[in-house]
Amino acid sequence: MADPRRVEFGDFLRSRREKLAPKTVGLPAGSRRRTAGLRREEVAQLAGIGVDWYIRLEQGRTVSPSVTTIDALARALRLSKTEHAHLKALARDGARGAFTREIVPPAILRLVESLPHPAYITGRRWDVLAWNAAAEEVFAFGRLLEEDRNTLLLMMTNKRTRKSYGAGWADVAKRMVAMFRATHDVWAGDPAFAELLTRLREGSPEFVKWWGAHEVHGTLSGRKTMTHPTKGVLHFEHTSFQANDDPALKLVIYTPVGG
């Protein structure tokens, strides 16, 4: 059975190849192209590798490309830094245990609870593991079942969350899907991630569409505007921090700003 990470590696190569216009890399468009993207042999030539070898990579076969090959593919496909890093992560070998839900250490719990602004802790699967009183006022995590406390699941399938973002929902949600893609693919095939993916696909047609595009983005700070049922319009700057005690844990803080 093929390694799910290798399958995602191949799918990612294919998605980038199909989105790269020939003229971008100095090739003629031609009249016999059935798709707008590059051909496999063209990517192989640009990367300086054999066509058969490239086809095996795109098919998700069990092969181990070198760092030099990964770098050459990144240049050939004009990958961004984030996309290049994603390709490297998918190419890494090494055993990985099954995902288990993280436990937040007491010291980090006390830190979160002491913060005056909305703050919460997420794990590798984007599950919300802990939050403070200010976050409860805005997000109402405590009213949800534990299995529903997941930031991407809330964004894509929760009607209350979608309504709170109004016209800006699609931009925020689409970017979150691309950010989660970088996390998911490294855990491809894991039962916990597969279960979450099934719920997202069944609960959101937009997710299905955006997921198929295989876009990848890194985590960035930014601003969000939400409409709360009792507090009205809220404007926040959000940023995240990784815990030194356990890099799987991420602290997210929402700082109020002027409208």
Side-chain angles (χ1 to χ4, degrees), residues 99-166 168-177 179-180 183-184 187 190-204 206-207 219-257 259:
F99 171 84
T100 56
R101 192 179 179 90
E102 301 85 356
I103 297 175
V104 183
I108 296 180
L109 280 174
R110 288 191 291 270
L111 169 65
V112 174
E113 291 168 356
S114 71
L115 295 173
H117 302 315
Y120 55 85
I121 300 290
T122 61
R124 290 162 294 185
R125 207 181 69 142
W126 292 23
D127 298 308
V128 179
L129 306 173
W131 60 95
N132 63 6
E136 179 64 21
E137 290 183 7
V138 176
F139 302 108
F141 293 133
R143 301 180 187 178
L144 302 170
L145 297 174
E146 183 179 80
E147 58 266 30
D148 294 334
R149 293 178 197 146
N150 179 281
T151 55
L152 186 58
L153 196 63
L154 284 171
M155 179 60 70
M156 300 306 305
T157 66
N158 186 282
K159 293 181 179 179
R160 178 181 179 273
T161 302
R162 180 165 182 161
K163 183 179 180 181
S164 71
Y165 282 95
W169 175 84
D171 289 339
V172 176
K174 186 176 182 179
R175 183 163 188 84
M176 283 184 66
V177 170
M179 289 164 56
F180 184 71
T183 300
H184 165 273
W187 286 88
D190 183 272
F193 277 80
E195 178 189 7
L196 176 59
L197 200 61
T198 296
R199 292 190 64 185
L200 289 163
R201 283 173 168 154
E202 292 177 349
S204 172
E206 293 92 346
F207 176 82
T219 303
L220 294 175
S221 301
R223 289 198 174 199
K224 288 184 179 179
T225 297
M226 295 176 282
T227 301
H228 191 272
T230 60
K231 295 177 179 293
V233 179
L234 303 175
H235 303 276
F236 293 107
E237 283 183 340
H238 65 90
T239 189
S240 60
F241 307 87
Q242 219 167 11
N244 287 332
D245 296 33
D246 183 355
L249 300 177
K250 184 171 67 175
L251 168 63
V252 183
I253 300 175
Y254 280 68
T255 304
V257 294

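Along the sequence shown, the residues carry numbers beginning at 1. Being a predicted model, the structure only gives us computed values, none of them experimental. Any value given below was found using the heavy atoms of this structure, including those in side chains, with hydrogens, waters and symmetry copies removed.
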* Could you tell me whether the side chains of H235 and T225 share a donor-acceptor contact shorter than 3.5 Å? =>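 Checked: H235/T225 side chains pair up, N/O donor to acceptor below 3.5 Å.
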
Please give me the minimum heavy-atom distance between [X] and [Y], naming the atom from each residue.
| X | Y | answer |
| --- | --- | --- |
| A119 | A135 | O-CB, 3.5 Å |
| V104 | L129 | CG2-CB, 3.6 Å |
| M226 | Y254 | CE-CE2, 4.2 Å |
| P118 | A134 | N-CB, 3.5 Å |
| L154 | T161 | O-CB, 3.3 Å |

Hey, what do you get for [atom1] ([X]) to [atom2] ([Y]), rounding to the nearest 0.5 Å?
| X | Y | atom1 | atom2 | value |
| --- | --- | --- | --- | --- |
| L200 | E195 | CG | CD | 10.5 Å |
| M156 | N150 | CE | CG | 11.5 Å |
| M179 | T151 | CE | OG1 | 8.5 Å |
| W126 | H184 | CH2 | NE2 | 12.5 Å |
| L152 | T183 | CG | OG1 | 10.0 Å |
| I121 | L249 | CD1 | CG | 6.5 Å |

* side chain to side chain donor-acceptor pair (under 3.5 Å): which pairs involve residues 238-250, sequence neighbours left out? ->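 For residues 238-250: S221-T239.
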
* Asked: So F193 and F180, would you call those rings parallel, tilted or perpendicular, with 30° and 60° as cut-offs?
  ->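 Rings of F193 and F180: parallel, under 30°.
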
* Once the angle between the rings of F141 and F139 is folded into 0 to 90°, is it parallel (under 30°), tilted (30 to 60°) or perpendicular (over 60°)? ->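 Parallel: the ring planes of F141 and F139 meet at under 30°.
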
* To do: Go through the steps to decide whether M176 and V172 satisfy the test side chain to side chain contact (heavy atoms under 4.5 Å, CB included), and finish with yes or no.
  => CA-CA 6 Å; M176 283 184 66; V172 176; 4.3 Å; yes

* To do: Give the intermediate values and the outcome of side chain to side chain contact (heavy atoms under 4.5 Å, CB included) for residues Y165 and D171.
  => CA-CA 10 Å; Y165 282 95; D171 289 339; over 6 Å; no

Heavy-atom side-chain contact between [X] and [Y] under 4.5 Å:
| X | Y | result |
| --- | --- | --- |
| V138 | S164 | no |
| F241 | I253 | yes |
| L196 | F99 | no |
| L251 | I108 | no |
| W131 | E113 | no |

* Do H117 and F236 pass the side chain to side chain contact (heavy atoms under 4.5 Å, CB included) test, and can you show the C-alpha distance, the side-chain angles, and the key distance before you say yes or no? -> CA-CA 10 Å; H117 302 315; F236 293 107; over 6 Å; no

* **K174 NZ: over 12 foreign heavy atoms closer than 6.0 Å** =>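 It does not: K174 NZ has 12 such atoms or fewer within range.
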
I'd like to know if the side chain of [X] and the backbone of [Y] have a donor-acceptor N/O pair within less than 3.5 Å.
| X | Y | value |
| --- | --- | --- |
| R162 | T157 | no |
| N132 | V112 | yes |
| S204 | R201 | no |

* Pairing residues for E237 by the salt bridge (Lys or Arg N to Asp or Glu O under 4.0 Å) criterion, not counting sequence neighbours ->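 With sequence neighbours excluded, E237 shows a salt bridge (Lys or Arg N to Asp or Glu O under 4.0 Å) to R223, given in chain and number order.
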
* Please test L153 against R199 for side chain to side chain contact (heavy atoms under 4.5 Å, CB included), starting from the C-alpha separation and ending with a verdict. => CA-CA 8 Å; L153 196 63; R199 292 190 64 185; 3.4 Å; yes

* Which pairs pass salt bridge (charged side-chain N to carboxylate O under 4.0 Å, His left out) with one or both residues in residues 118-140, sequence neighbours excluded? ->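 Qualifying pairs, neighbours excluded: R101-D127, E102-R124, R125-D127, E137-K231.
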
* Asked: Would D148 and R143 count as a salt bridge (charged side-chain N to carboxylate O under 4.0 Å, His left out) if you check the C-alpha gap in whole Å, the side-chain angles of each, and the deciding distance to 0.1 Å?
  -> CA-CA 10 Å; D148 294 334; R143 301 180 187 178; over 6 Å; no

